Amino acid sequence: MTTFLTILLVVHVLFGVIGTMSAYVVWRELLRSQPRQRWLLWNSLSTWVTWLGAWLTGGYYYVVYYGEQVKPVIKAGEYAWAHSVVTEWKEHIFLFLPFLAFVLWLELRSGQLARRQSLVWLSGITWFLSLGVTAAGVLISGAVQ
Amino acid sequence: MVAALTIIFITALTIIAELHPPTKDWLQTTFTHHWIGKSVLALVVFGLLSAMRYFFPNVKPHFGWLSGVALGCAVALFGFFLYEYYF
Amino acid sequence: MHIIGTALGVGGSTLAEVFLLHSARAGKLNEQSLVLIRGTYQVIRVGTVLLVLSGFGYFLLYRLEGDSDRLYNERFWLKMVLVVVIALNSLLFQQHKISTLWGSAIFFTSWYAALILGAWRGLDAAWWILVLSYMVGLLVVAGVFTVLRKRYHAPL
């Protein structure tokens, strides 16, 4: 792997993890009796911006390197399901996350929180999906043996 | 509503591309990689639907069923890939 | 950074429990006690962030240095699960959906379990043994906390 691709992988993971942590903060803050508006806005912005970064960096790594170099290694090993099920799931579910986070941020910008209960559900499910994507990333990397 | 429809679109396109190789081939040749194609089309669909909302300003967003759609589609895709691998 | 995060989290959760019991013994949760407890929770949050970020640093190190098989290690996965348990417990605690006793017991046990799993390098046990040990540890901690709270008339 070239230095550039190594950096891309590191940045992809960092962005993803920071986004997941921000998503948790949004969910938690929305559950408070009096959510702090600025804290909510910053974290919801951080969520979709970092996930956008993870999308671009991970996408480049996936298209340029993973398909040719990593996928054959996984499929030839004892964890072939890690690509066929986990990578396939992850690469498509990940497409949901930036849209979910962006919509959440747009709604939180209004500052009204009129549909708070729905936003609580949305932020919670977004976080759980991001946890799944994170776990999938670990499983895929672990299968490269 | 816009995000929910985009997610349904991504899910449907993914399943169709897996079951109908010409669709996947079209994505591959048009966008150099099928995943890039899905990403670009998802953005286009989201953009177009968002623009259309300007013509229907009284339609309120439904976040409740957006959560359900996201979860449902995630489970559906997992089940699909699991089924494809083992059967 | 990972060790610092663990120290902050483990130390913080221990101190939080000490402050709560101390306040109960004094018979009141005054402003000063609240400030100390809130400060301790803030330290725990900082520790958690450091832990998660550095934990994924380790994950990247294993991946890039060809040590990928470590990523399928039971200890590694249980530590990740414990972080999620701590996060969910924190939410339940905030929403008053879990009693102070059980919330504190889960925090305490989870942090110390993560510390033990990280420090005990030679530990090679099956997944179900690790989970069972955690559950037993949780029950023991909850039992000890119950006795201490009854002794100091603290809320359960």
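All chains are named by letter (A, B, ...) in the order of the sequence lines, taking the proteins before the strands, and each is independently numbered beginning at 1. Values reported hereafter were calculated over all heavy atoms of this structure, with side chains retained and with hydrogens, waters and symmetry mates removed. Just so it is clear, the model here is predicted, and its values are computed rather than measured.
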Using heavy-atom distances under 4.5 Å, tell me whether [X] contacts chain A through its side chain, its backbone, both, or neither.
{"X": "Leu13(B)", "value": "neither"}
{"X": "Ile10(B)", "value": "side chain"}
{"X": "Tyr85(B)", "value": "side chain"}
{"X": "Phe80(B)", "value": "neither"}

So, taking the atom named [atom1] in [X] and the one named [atom2] in [Y], what distance separates them when rounded to the nearest 0.5 Å?
{"X": "Lys90(A)", "Y": "Phe81(B)", "atom1": "NZ", "atom2": "CZ", "result": "14.0 Å"}
{"X": "Cys73(B)", "Y": "Leu95(A)", "atom1": "SG", "atom2": "CG", "result": "12.0 Å"}
{"X": "Phe96(A)", "Y": "Leu71(B)", "atom1": "CZ", "atom2": "CG", "result": "10.0 Å"}
{"X": "Leu66(B)", "Y": "Thr126(A)", "atom1": "CG", "atom2": "OG1", "result": "7.0 Å"}

Chain A-proximal positions within residues 14-22 of chain B [heavy-atom distance under 4.5 Å] |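 Hits under 4.5 Å: Thr14(B), Glu18(B).
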Answer with side chain, backbone, both or neither: which region of [X] has an atom nearer than 4.5 Å to a non-hydrogen atom of chain B?
{"X": "Tyr62(A)", "answer": "side chain"}
{"X": "Leu100(A)", "answer": "side chain"}
{"X": "Phe102(A)", "answer": "side chain"}

Which residues in residues 81-88 of chain A have any heavy atom lying under 4.5 Å from a heavy atom of chain B?
->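 The list, in residue order, reads Trp81(A), Ser84(A), Val85(A), Glu88(A).
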Counting only heavy atoms not in [X], do more than 12 fall under 6.0 Å of its [atom1]?
{"X": "Met1(A)", "atom1": "CE", "value": "yes"}
{"X": "Tyr65(A)", "atom1": "OH", "value": "yes"}
{"X": "Phe78(B)", "atom1": "CZ", "value": "no"}
{"X": "Trp121(A)", "atom1": "CH2", "value": "no"}

Any sub-3.5 Å donor-acceptor pair from Trp89(A)'s side-chain atoms to Ala74(B)'s backbone N or O?
->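 Such a contact is found between Trp89(A) side chain and Ala74(B) backbone.
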Count the heavy-atom pairs under 4.5 Å between each of Ser39(B), Ala3(B), Gly68(B) and chain A, then report the option with the highest count.
->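 Of the options given, most contacts go to Ser39(B).
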Quick one: closest heavy-atom pair of Ser67(B) and Ser118(A), and the distance?
->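 Heavy atoms of Ser67(B) and Ser118(A) come nearest at OG-O, 4.1 Å.
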Side chains of Ile93(A) and Leu77(B): does their closest heavy-atom pair fall under 4.5 Å?
->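 Yes, side chains in contact.
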Could you tell me how the ring of Phe46(B) sits relative to the ring of Phe99(A): parallel (under 30°), tilted (30 to 60°) or perpendicular (over 60°)?
->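 If you compare the ring of Phe46(B) with that of Phe99(A), the planes turn out tilted.
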